[in-house]
Amino acid sequence: MTVTVYVPKDSSALSLGAEAVARAIEREAATRGEAVRLVRNGSRGLYFLEPMVEVMVAGERYAYGPVDVTDVPGLFDAGFLKGGSHPLGHGRTEAIPYLARQQRLTFARVGITDPASVADYLLHGGYVGLKNALAMAPSDIVKTVTDSGLRGRGGAAFPTGIKWKTVLDQPVEQKYVCCNADEGDSGTFSDRMIMEGDPFALIEGMTIAGLAVGATMGYIYARAEYPHACRALATAIDAARNANFLGDNIQGTGRRFDIEVRLGAGAYICGEETSMLESLEGKRGEVRAKPPLPAIEGLFGKPTVVNNVISLATVPVILAKGGEYYRDFGVGRSRGTLPLQLTGNLKRGGLVELAFGCSLRELLYDYAGGSATGRPLKAIQVGGPLGAYLPESQFDTVVDYEALAAIGALLGHGGIVAFDDTVDMAHMARYAMEFCATESCGKCTPCRIGSTRGQDVIADIKAGHRRDENLTLLNELLDTMQYGSLCGLGGMTPYPVRSALKHFPADFGPQRA
Amino acid sequence: MTAFSAADVSLVERIAADLAHKPGPLLEVLHGVQHALGYVPADAVPVIARVLNLSRAEVHGVVTFYHHFRSTKPGRTIVQVCRAEACQSMNGAALEAHAKARLGVDYHGTTADGRYSLEPVYCLGNCALAPSVMIGDDIHGRVTPARFDALLEGEGA
Ligand SMILES: Cc1cc2nc3c(=O)[nH]c(=O)nc-3n(C[C@H](O)[C@H](O)[C@H](O)COP(=O)(O)O)c2cc1C
Ligand code: SF4
Ligand code: FES
């Protein structure tokens with residue numbers, strides 16, 4: 001009997017040798033005359049176990065990991081094709097506590113299905129949301145999304161339904177749906193995991209967005225740094241088109257929607273939505289002044305929905321199960337679930353999707369198991385390079401947009417980067433300025449010049465050169481950047497810098513007694 | 001540096017002409033040219049401008065805006081080392097220093113034998129398995145200096 005074996009084709013799994021493991025399994029199976037069907041799935045997000053191989057035994061999946069090529073013969077010897085026990089075995093995948101305790105809505109299928117197969121997507125609940133949407137009036141689709149409480153997962157947390165309504169209300173023939181897949185924040189990879197692991201969820205979400213606002217064309221702006229994700233998307237888009245889920249006559253309804261992937265070119269600022277639109281138009285990625293909002297004048301001057309990958313990939317479950325179902329997860333004004341990315345110096349890094357309301361401490365210790373190096377955690381950066389640094393005393397803060405804002409921090413795209421006690425926070429503050437200088441689009445002075453000046457001032461403070469004067473100067477500089485910049489790059493770089501100064505003053509050189 | 005031949009001109013013309021029908025095609029064209037030639041030579045700029053009906057300044061402005069587009073010929077393999085926060089938290093700085101020393105070049109440099117170009121990158125989306133590098137199109141995680149050397153050996157360095 002043919003046994004199904006899963007070896008992820010996710011970039012992170014590949015980064016630890018999953019390709020070689022897949023080949024070794026095929027070779028070993030051939031040598032031993034075992035019939036194996038290899039599925040190249042996405043990752044379950046248990047990155048500390050990658051490459052994680054799964055075997056389907058009597059309708060249940062069993063996990064083994066981390067598997068090295070040299071482990072493969074031993075796995076066969078141990079009868080892993082029948083779920084046999086082996087030192088790398090973890091039993092039933094679904095029962096692994098890291099996974100079992102999660103609340104996976106957006107990531108329900110990631111790591112489970114074959115990301116190249118429409119049939120597999122359909123088998124696991126895919127396209128139920130689209131089917132419902134096809135029977136609804138555009139305004140009812142928008143209302144469902146509004147009712148769900150979904151807020152943009154790209155960072156700004158703006159209510160998705162309200163954005164869609166603005167686009168729907170524009171009496172213009174040509175409109176666009178643009179997916180922001182420029183995921184440039186350090187400490188994030190959830191967009192990548194969707195594109196590589198369940199690209200149809202994104203395609204379905206964009207199609208529903210198109211029906212909701214009256215757009216027939218969608219663009220996905222993907223990063224040049226994600227070649228595997230781009231290939232997975234291209235394969236899935238072709239498959240969806242062949243199965244009539246994209247194109248001129250979606251499922252015979254006469255409705256039209258198609259998607260094209262456009263590649264970015266290594267500019268962090270192109271994740272800012274107006275810069276992304278300029279880039280999609282083939283121009284320099286300079287930020288546009290708002291207003292007009294992209295919802296009114298976006299791509300090529302037409303009304304445009306700009307949404308993050310996770311926002312769009314969450315739409316199918318909302319349309320499948322209803323706005324209330326999604327809204328029932330979460331706390332306060334943060335409804336639903338958030339795919340958190342546990343990264344950096346952590347023992348068990350990975351993707352954890354949970355309803356809003358869990359504490360950072362729970363994520364860092366219960367899930368991630370503390371630092372990878374075994375040293376105490378000193379700081380975490382939440383929400384990417386423009387997010388604040390939090391000291392241990394703030395780890396009890398819960399994952400909730402408003403709770404983070406209340407302590408001068410932000411949740412952003414849900415990335416958490418952990419540092420042990422060897423980190424020098426003055427260095428990280430200086431790096432934040434350096435990153436801003438490297439990635440500035442150059443349009444406004446506070447960002448362009450301030451970030452370069454800021455690096456010198458921090459270095460001077462650290463060296464003890466006229467410390468007090470330079471601290472005053474730095475604070476003024478941060479104010480100028482925060483209030484005088486056109487967009488969040490210059491405007492939010494003060495977050496990591498100020499929080500580092502506030503919580504870790506000892507790292508900024510000797511203070512006067 | 002090799003001269004821009006008549007064959008190169010027609011190659012660039014063809015790439016640009018094939019994509020010219022798309023809305024806002026310039027980035028796509030630059031990707032196509034860089035994919036074919038390894039970089040966007042200065043001599044390609046007027047050709048692209050002509051086919052797409054843009055000014056040379058516009059094309060040049062776009063090429064220089066984006067970190068990804070190169071105006072000089074790279075080594076056969078591009079080695080990108082991640083400099084962003086998550087990789088720093090796992091001693092990425094030591095890996096960066098090692099990569100520079102091992103290849104004998106600084107960032108944006110190409111080894112004397114033309115094999116490698118070293119580039120910084122800001123996050124490869126592999127932050128749970130830091131530090132990360134990308135060699136050609138292949139991503140590698142949890143890269144120690146020793147593993148970095150082994151990976152280059154695998155490339156035949
Ligand atoms: C400097 C900067 C970088 C950004 N990078 C991204 C990004 O990589 N991906 C993303 O979805 N949003 C990014 N954003 C937010 C976008 O401007 C925009 O708010 C978002 O794409 C809207 O989608 P959402 O409502 O679904 O979140 C960035 C914003 C700024 C200021
Ligand atoms: S803040 Fe920086 S990145 Fe943003 S518009 Fe101004 S110069 Fe450009
Ligand atoms: S920070 Fe290096 S891969 Fe994300």
Side-chain angles (χ1 to χ4, degrees), chain A residues 11-12 14-16 47-48 50 183-189 191-192 223-229 260 262-268 270 279-286 299-300 341-346 349-351 372-373 381 385 415 417-420 422-423 427-428 431 435 438-439 441, chain B residues 19 22-32 34-35 40 48 52 54 58-70 80 82-93 119-134 136-143 147 154:
Chain A
S11 288
S12 282
L14 294 175
S15 85
L16 294 181
Y47 280 138
F48 55 100
E50 292 290 358
E183 194 164 64
D185 288 0
S186 170
T188 67
F189 44 71
D191 294 353
R192 178 183 62 65
R223 303 180 76 203
E225 292 87 341
Y226 282 3
H228 298 289
E260 185 179 324
R262 288 284 179 101
L263 206 55
Y268 177 77
C270 289
S279 188
L280 276 170
E281 292 181 9
K283 302 178 192 153
R284 293 164 64 90
E286 277 171 16
L299 188 65
F300 301 113
Q341 299 123 93
L342 309 183
T343 80
N345 197 331
L346 291 173
L351 184 121
T373 46
Q381 187 176 31
V417 182
F419 296 82
D420 73 10
T422 59
V423 67
H427 171 82
M428 298 316 296
Y431 171 81
F435 182 73
T438 306
E439 300 297 336
C441 85
Chain B
L19 295 164
K22 291 196 179 198
L26 181 53
L27 253 78
E28 295 282 286
V29 170
L30 294 174
H31 276 298
Q34 180 150 312
H35 187 72
V40 183
I48 296 168
L52 298 185
L54 297 167
E58 277 173 284
V59 177
H60 176 76
V62 171
V63 175
T64 51
F65 183 86
Y66 294 95
H67 301 300
H68 180 76
F69 296 128
R70 338 178 31 108
Q80 302 182 80
C82 180
R83 297 199 59 216
E85 289 90 342
C87 286
Q88 289 190 39
S89 78
M90 290 301 281
N91 211 3
E119 295 292 337
V121 66
Y122 296 89
C123 195
L124 292 163
N126 197 35
C127 326
L129 301 173
S132 303
V133 303
M134 186 121 110
D137 256 3
D138 294 330
I139 185 166
H140 304 281
R142 288 200 188 126
V143 181
R147 188 156 126 81

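In what follows, every chain begins at residue 1, and chains take the letters A, B, ... in the order their sequences are listed.
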Query - Best-contacting candidate, B:Gly24, B:Gly92, B:Gly141, against chain A by heavy atom pairs under 4.5 angstrom - result: B:Gly24
Report task. Please look at A:Ala418 and chain B and tell me whether the side chain, the backbone, both or neither of the residue comes under 4.5 angstrom of a heavy atom of that chain. Result -> backbone
Query - Which atoms of A:Cys441 approach chain B - backbone, side chain, both or neither, heavy atom under 4.5 Å - result: both
Query raised in the report: Among B:Ile139, B:Thr64, B:Leu30, B:Val143, who wins on heavy-atom pairs under 4.5 Å with chain A?
Result: B:Ile139
Query raised in the report: Hey, does B:His140 have a side-chain heavy atom less than 4.5 Å from the side chain of B:Asp138?
Result: yes
Requested in this report: Could you tell me which portion of A:Gln341 (side chain, backbone, both or neither) has an atom closer than 4.5 angstrom to a non-hydrogen atom of chain B?
Outcome: neither
Report summary line: Interface check, chain A: of B:Pro25, B:Cys82, B:Ala84, most non-hydrogen pairs under 4.5 Å belong to B:Ala84
Query raised in the report: Taking only residues two or more places apart in sequence or in another chain, which ones pass side-chain contact (heavy atoms from CB on, under 4.5 Å) with B:Gln88?
Result: A:His427, A:Met428, A:Tyr431
Report task. Select one option (side chain, backbone, both, neither) describing which atoms of B:Ser132 are under 4.5 Å from chain A's heavy atoms. Result -> neither
Report summary line: In terms of heavy-atom pairs under 4.5 Å with chain B, the winner among A:Gly264, A:Gly184, A:Gly415, A:Ala229 is A:Gly264
Query raised in the report: For A:Glu183, is it the side chain, the backbone, both or neither that has a heavy atom under 4.5 Å from a heavy atom of chain B?
Result: neither
Query - Winner by heavy-atom pair count (cut-off under 4.5 Å) against chain A, out of B:Met134, B:Gln80, B:His68, B:Arg147 - result: B:His68
Query raised in the report: With A:Pro385, which residues qualify under side-chain contact (heavy atoms from CB on, under 4.5 Å), at least two apart?
Result: A:Asp185, A:Tyr268, A:Phe435, B:Glu85
Query - Side chain, backbone, both or neither of A:Ala372 within contact of chain B (heavy atoms, under 4.5 Å) - result: side chain
Query raised in the report: Quick check: does any side chain N or O of A:Asn345 sit under 3.5 Å from a backbone N or O of A:Thr373, one acting as donor and the other as acceptor?
Result: yes
Report summary line: Rounding to 0.5 Å, atoms OH (A:Tyr47) and SG (B:Cys127) come to a distance of 9.5 Å
Query raised in the report: Are the side chain of B:Arg83 and the backbone of B:Pro120 linked by a donor-acceptor contact shorter than 3.5 Å?
Result: no
Query raised in the report: Which pair of non-hydrogen atoms, one from A:Ser15 and one from B:Leu129, has the smallest distance, and what is that distance?
Result: OG-CD1, 3.8 Å
Query - Side chain / backbone / both / neither for B:His31 at chain A, heavy atoms under 4.5 Å - result: side chain
**Report entry** Residue A:Arg262 versus chain B: region with a heavy atom under 4.5 Å
**Finding:** both
Report task. Measure distances from A:Ser279 to the heavy atoms of chain B and classify the residue's part below 4.5 Å as side chain, backbone, both or neither. Result -> both
**Report entry** Within 6.0 angstrom of B:His60 NE2, more than 12 heavy atoms from elsewhere
**Finding:** no
Report task. Enter the distance from A:Leu351:CG to A:Ser12:OG here, rounded to the nearest 0.5 Å. Result -> 10.5 Å
Query raised in the report: For the candidates A:Gly350, A:Cys270, A:Gly266, A:Gly349, which exhibits the highest count of non-hydrogen atom pairs separated by less than 4.5 Å from chain B?
Result: A:Gly266
Query raised in the report: Quick one: what part of A:Thr188 sits under 4.5 Å from any heavy atom of chain B, side chain, backbone, both or neither?
Result: backbone
Query raised in the report: Is it the side chain or the backbone of B:Val62 that comes within 4.5 Å of chain A heavy atoms, both, or neither?
Result: both
Query raised in the report: Is the backbone N or O of A:Gly285 less than 3.5 Å from a side-chain atom of B:Tyr66, with the two atoms forming a donor-acceptor pair by type?
Result: yes
Requested in this report: Enter the distance from A:Leu263:CG to A:Glu225:CD here, rounded to the nearest 0.5 Å.
Outcome: 8.5 Å
Query raised in the report: In terms of heavy-atom proximity below 4.5 Å to chain B, should A:Leu280 be classed as side chain, backbone, both, or neither?
Result: backbone
